[in-house]
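In this text the structure is predicted, and so the values were computed from the model without any measurement.
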Protein chains: 2
Amino acid sequence: MSELGELEPVARQSTAELIADQLRSAIMYGVFAPGTQLAEAELAARFEVSRGPLREAMQRLVQEGLLRGERHRGLFVIDLDEQDVADIYLARLAIERMACELIMHGNRGEAVAHLTEALTELVTAAESGDRHAMSDADQAFHLALVTCSGNSRLERMAQTLLVETRMCLAALQDHYPRPQDLVAEHRILVDAIADGDEERLLGLIESHMRDSIVRLRPA
Amino acid sequence: MSELGELEPVARQSTAELIADQLRSAIMYGVFAPGTQLAEAELAARFEVSRGPLREAMQRLVQEGLLRGERHRGLFVIDLDEQDVADIYLARLAIERMACELIMHGNRGEAVAHLTEALTELVTAAESGDRHAMSDADQAFHLALVTCSGNSRLERMAQTLLVETRMCLAALQDHYPRPQDLVAEHRILVDAIADGDEERLLGLIESHMRDSIVRLRPA
DNA sequence: ACCGCGCCGATTGTTGACAATCATACGAGC
DNA sequence: GCTCGTATGATTGTCAACAATCGGCGCGGT
């Protein structure tokens with residue numbers, strides 16, 4: 001074979017991780033609305049596993065902060081108030097700002113490549129007018145941004161925060177910007193990176209987040 | 001009774017959370033060195049619970065990134081290389097920097113009060129010369145800093161990062177600054193907050209983290 | 001009518017047993 | 001002598017049953 005280096009250990013996710021991914025996705029898209037109780041028996045039956053692995057998966061989400069547990073009563077999807085919205089976006093700002101700095105002082109070229117691709121997806125979604133697809137692309141863009149920083153801890157944190165962001169959008173009637181504005185907002189980010197203009201980039205990210213907070217304020 | 005508002009719901013932690021806290025602490029202090037496998041049967045016997053709750057607790061730590069799982073093989077404490085050290089401190093910088101900003105634009109007085117108390121503990125520890133106590137106080141100070149920001153998500157992230165920080169210190173022969181320097185480093189942070197000098201504060205936090213990275217470099 | 005009490009179904013918490021997989025040691029074959 | 005295949009013990013993954021707790025209902029008392 002031509003290259004031997006790209007051989008990776010065969011991915012073996014644990015059952016708990018598989019289930020956690022599905023649950024996280026369901027929570028993210030609002031399949032389980034905030035405050036909803038997750039009944040063990042019912043979910044276990046649906047996933048066709050026993051309650052053991054399911055409980056392991058749910059404990060992961062508790063640790064992640066997506067579920068809140070009341071002893072002997074059950075696990076519930078967290079509810080998000082205005083304070084949470086602000087907390088989430090400010091935490092994202094902290095993470096993504098650092099990611100931007102790392103990108104600017106790291107492999108900028110690769111980041112531009114990946115983000116340009118993510119931006120293309122966003123444009124496609126915007127043209128389709130599908131809000132769901134736009135949100136997906138938006139989320140993917142920001143995750144790509146953090147991934148490009150090369151800091152796996154930032155990436156993990158961003159992942160959770162993006163899920164919570166999506167919960168806000170689902171819960172708060174999706175106060176989303178116009179498609180063309182959404183694209184423009186992200187394009188200028190890529191441009192700033194490509195131009196190597198760190199100061200501008202950091203200002204843009206900050207506006208991006210702070211604007212989102214006020215946009216979602218009058219829930 | 002004089003005040004009724006301070007009544008809190010009786011704390012009912014789940015068994016998984018209790019166990020997770022103990023395990024996290026053990027990992028943090030290096031009781032389980034990086035790379036060590038956590039044997040279920042042995043730990044379950046030690047905690048005097050069955051493997052069920054123990055596994056739930058361990059899944060929490062996996063989600064937290066403190067354990068790495070290999071299917072059908074077991075769970076292992078993550079190992080930390082030089083890259084991880086940098087990742088951890090830069091992630092901390094992201095979090096704590098934002099915490100500083102929130103404090104400066106929020107309830108500065110309360111923050112100064114809490115941090116001054118934490119600083120006092122640090123001084124006491126420094127005077128005792130006990131490295132362990134100094135690390136504890138150092139960690140408590142930084143956690144207090146993030147807690148004062150009032151952002152629970154930042155707080156949760158900081159908690160995990162501080163555990164990892166401690167792992168670095170334990171693994172890398174505790175390349176720790178001199179006691180008086182440690183105290184000074186933190187005192188100027190409190191001073192900057194008290195003075196309301198945000199720019200200085202942010203610069204200090206950044207130095208604090210970046211210096212730590214280079215200090216731990218020649219492992 | 002209202003409050004307290006106790007019962008009952010339902011759900012969560014926990015356990016021990018069973019199945020599947022892995023790591024190691026041993027022996028056969030080349 | 002080395003490699004490959006196999007048996008074995010140990011550990012993880014999964015499950016179904018048991019125990020404990022919760023929420024709601026009805027009953028009796030005041």
Side-chain angles (χ1 to χ4, degrees), chain A residues 4 7-24 26-27 31-79, chain B residues 4 7-24 26-27 31-79:
Chain A
L4 201 52
L7 259 37
E8 290 179 13
V10 5
R12 290 124 72 101
Q13 287 180 295
S14 71
T15 307
E17 184 169 357
L18 256 23
I19 297 175
D21 287 344
Q22 294 225 20
L23 286 178
R24 190 182 300 111
I27 292 170
V31 175
F32 300 111
T36 307
Q37 177 171 10
L38 299 182
E40 294 184 2
E42 182 189 335
L43 285 175
R46 196 166 257 278
F47 287 120
E48 294 183 12
V49 295
S50 71
R51 285 171 48 218
L54 177 72
R55 283 176 61 92
E56 292 177 16
M58 296 202 298
Q59 286 300 317
R60 282 193 180 219
L61 299 186
V62 171
Q63 182 62 40
E64 219 175 321
L66 264 27
L67 296 181
R68 129 186 83 82
E70 299 181 18
R71 193 151 220 253
H72 292 291
R73 212 158 308 180
L75 297 171
F76 303 80
V77 179
I78 58 165
D79 348 63
Chain B
L4 203 53
L7 259 37
E8 290 179 12
V10 13
R12 290 122 75 97
Q13 288 179 295
S14 71
T15 306
E17 185 168 358
L18 254 24
I19 297 175
D21 286 344
Q22 293 224 20
L23 286 177
R24 190 182 301 111
I27 293 170
V31 176
F32 300 112
T36 307
Q37 176 171 9
L38 300 186
E40 295 183 1
E42 183 190 333
L43 285 175
R46 195 167 257 279
F47 287 120
E48 295 183 12
V49 295
S50 70
R51 285 172 49 221
L54 177 72
R55 283 175 60 91
E56 292 177 14
M58 295 202 298
Q59 287 301 317
R60 282 192 179 219
L61 299 185
V62 171
Q63 181 62 41
E64 218 174 324
L66 264 27
L67 296 180
R68 136 186 77 83
E70 299 181 18
R71 192 152 222 254
H72 292 290
R73 211 159 307 179
L75 297 172
F76 303 81
V77 179
I78 58 165
D79 344 67

Could you give the [atom1]-to-[atom2] distance, from [X] to [N], as a whole number of Å?
{"X": "A:His72", "N": "C:dG13", "atom1": "NE2", "atom2": "P", "result": "7 Å"}
{"X": "A:Arg55", "N": "D:dG13", "atom1": "CZ", "atom2": "P", "result": "17 Å"}
{"X": "B:Phe76", "N": "C:dA23", "atom1": "CZ", "atom2": "P", "result": "8 Å"}
{"X": "B:Arg71", "N": "C:dT21", "atom1": "CZ", "atom2": "C1'", "result": "10 Å"}
{"X": "A:Leu75", "N": "C:dT11", "atom1": "CG", "atom2": "P", "result": "14 Å"}
{"X": "A:Leu38", "N": "C:dA10", "atom1": "CG", "atom2": "P", "result": "20 Å"}
{"X": "A:Glu40", "N": "D:dC22", "atom1": "CD", "atom2": "P", "result": "15 Å"}

(request) Name the residue closer to the 5' end of DNA chain D, choosing between B:Ala39 and A:Val49 according to the nucleotide with the nearest heavy atom. (result) B:Ala39
(request) Looking at every strand, decide which applies to A:Thr15 at a 4.0 Å heavy-atom threshold: base, sugar-phosphate, or nothing. (result) sugar-phosphate
(message) What's A:Gly52 touching, base or sugar-phosphate or nothing? Going by heavy atoms closer than 4.0 Å.
(response) nothing
(request) Please check the phosphate of D:dG23 (OP1 and OP2 only) for any side-chain N or O of A:Arg73 closer than 4.0 Å. (result) yes
(message) Checking the side chain of A:Glu56 only, and the main-chain atoms of A:Thr15 only, is there a donor and an acceptor separated by less than 3.5 Å?
(response) no
(request) State which of C:dT11, C:dT15, D:dG23 makes the closest approach to the side chain of B:Pro53. (result) C:dT15
